[in-house]
Amino acid sequence: MPNPKDIRSLMLPHMLDAVPYAAVDPPSVLAARAGLAEDDIAKLDANENPYGPSPKVAEALASYKGYHIYPDPQQRRIREALAAYAGTTPDRIVAGVGSDELIDLLLRLFVAPGDRVIDCVPTFGMYASFVSVVGGELVSVPRTKTFDVDIEAIRKEARQGAKVIFLASPNNPSGNLLSEATLRQLLSLDLLVVVDEAYYEFAGATLAHLIPQHSNLVVLRTFSKWAGLAGMRLGYGIMDPAVAERLMVIKPPYNLSVAAEIALLASLDDKALLLSRVQSIVAERDSLFARLRRIPGLVPLPSRANFILCRLAKGQGHRVYQELAKRGIFVRYYDTDLLRDYIRLSVGLPQQNKALVEALQMILS
Ligand SMILES: Cc1ncc(COP(=O)(O)O)c(C=O)c1O
């Protein structure tokens, strides 16, 4: 028996170096930090949907009678419903516990310890975290000044060997899209290309139509943003049937809960309402962008998602984040070299956005 003190020596060496994802705190913790009631804070730090889920979700969950039965390991009904929504066939769909689970499963399918994975930074931090969990070697390729991917730098890294590249479109946190021309160039490289379309409904643009011609393309989507179900954990991927078949084998058999399945089907049943809310958020995003542009000392970046990245004067990022937090307005601040002078604002309800703009005007005046 090993000495309990030595238990870490039994762990996989690369797990000891695993990098945590900087996840956001729940409203109760944020409210306590600001000394306010939960209802009085504006949670604009995780690109959640301020309208919440469709009312049909609560109705369907309340009336369901089969919670004592395991969910369908083949995800038959939801793969069919998702295929209809995404304009594809069920054999190309796999659903996961958030799109996060699909990122993890794809890495486990393709990446062994020491394999190289390309990450176009700054981007969604979960890719780097999950790469560290499988012991992959993360190759960070910085984006250009406009946050576009640097195709020449990627090509160079791919030539030295890489198994996977992650590309969020729109990119989190910059909000810009990956162009089809750029993706086509990347698809000709010999690696798996994961295009993460978590904000697809807000952007109204997709690259999923390239999947039938490219078995090395996977598109990820989520119900966390457009459908207001971040807490329910529901994501899916669209991919070549050969990739889907293997993911279905390696995923935990009952990965999605029955509750998540019900929420997914009820959301798709109420698609029109949810998409009209998406349109309200898009209109509010564009109005917020115009108001932010008028604030001296703050430069908002055009966004196709439900958030706006803002550049501040050198050294101001953390101060502005803290000043907003004191007022009960929580936005995303990244203490990293590339983003130290930025804050990312999720688009909230109109009154929250108004309070945000007023607070920023005061803080920066
Ligand atoms: C680009 C991107 N991908 C994936 C996710 C996570 O999605 P999910 O909640 O489905 O795990 C996020 C969440 O912020 C994101 O920004």
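Model, not experiment: these values are computed from the prediction. Each ligand, and each atom within it, is numbered from 1 in the order the structure gives.
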Query raised in the report: With under 30° as parallel and over 60° as perpendicular, where do the rings of Tyr200 and Tyr85 fit, or are they tilted in between?
Result: perpendicular
Query raised in the report: Where does the angle between the aromatic ring planes of Phe166 and Tyr127 fall among parallel (under 30°), tilted (30 to 60°) and perpendicular (over 60°)?
Result: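 Answer is parallel, since the angle falls under 30°.
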Query raised in the report: Which heavy-atom pair separates Leu312 from Gly317 by the least distance, and what is that distance?
Result: CD1-CA, 3.7 Å
Report task. Please confirm whether Phe124 and Tyr21 have ring centers closer than 6.0 angstrom. Result ->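 Here the rings of Tyr21 and Phe124 have centres that are less than 6.0 Å from each other.
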Quick one: ligand 1 N/O to protein N/O pairs below 3.5 Å?
residue	atom	partner	partner atom	Å
ligand 1	3 (N)	Asp196	OD1	3.3
ligand 1	3 (N)	Asp196	OD2	2.5
ligand 1	7 (O)	Ser99	OG	3.0
ligand 1	9 (O)	Ser224	OG	2.6
ligand 1	9 (O)	Arg233	NH1	2.8
ligand 1	10 (O)	Ser99	N	2.7
ligand 1	10 (O)	Ser99	OG	3.0
ligand 1	10 (O)	Thr222	OG1	2.5
ligand 1	10 (O)	Ser224	OG	3.4
ligand 1	11 (O)	Ser99	N	3.2
ligand 1	11 (O)	Asp100	N	3.1
ligand 1	11 (O)	Asp100	OD1	3.0
ligand 1	11 (O)	Asp100	OD2	3.2
ligand 1	11 (O)	Arg233	NH2	2.8
ligand 1	14 (O)	Tyr199	OH	3.2
ligand 1	14 (O)	Lys225	NZ	2.9
ligand 1	16 (O)	Asn172	ND2	2.7
ligand 1	16 (O)	Tyr199	OH	2.6

Query raised in the report: Are Lys56 and Glu59 within salt-bridge range, i.e. N to O under 4.0 Å?
Result: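 No, Lys56 and Glu59 are not salt-bridged.
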Query raised in the report: For Val19, which fellow cluster members are found when Ile, Leu, Val, Met, Phe, Trp and Tyr are connected by side-chain heavy-atom distances below 4.5 angstrom, either directly or through intermediates?
Result: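 Same cluster as Val19: nobody, lone residue.
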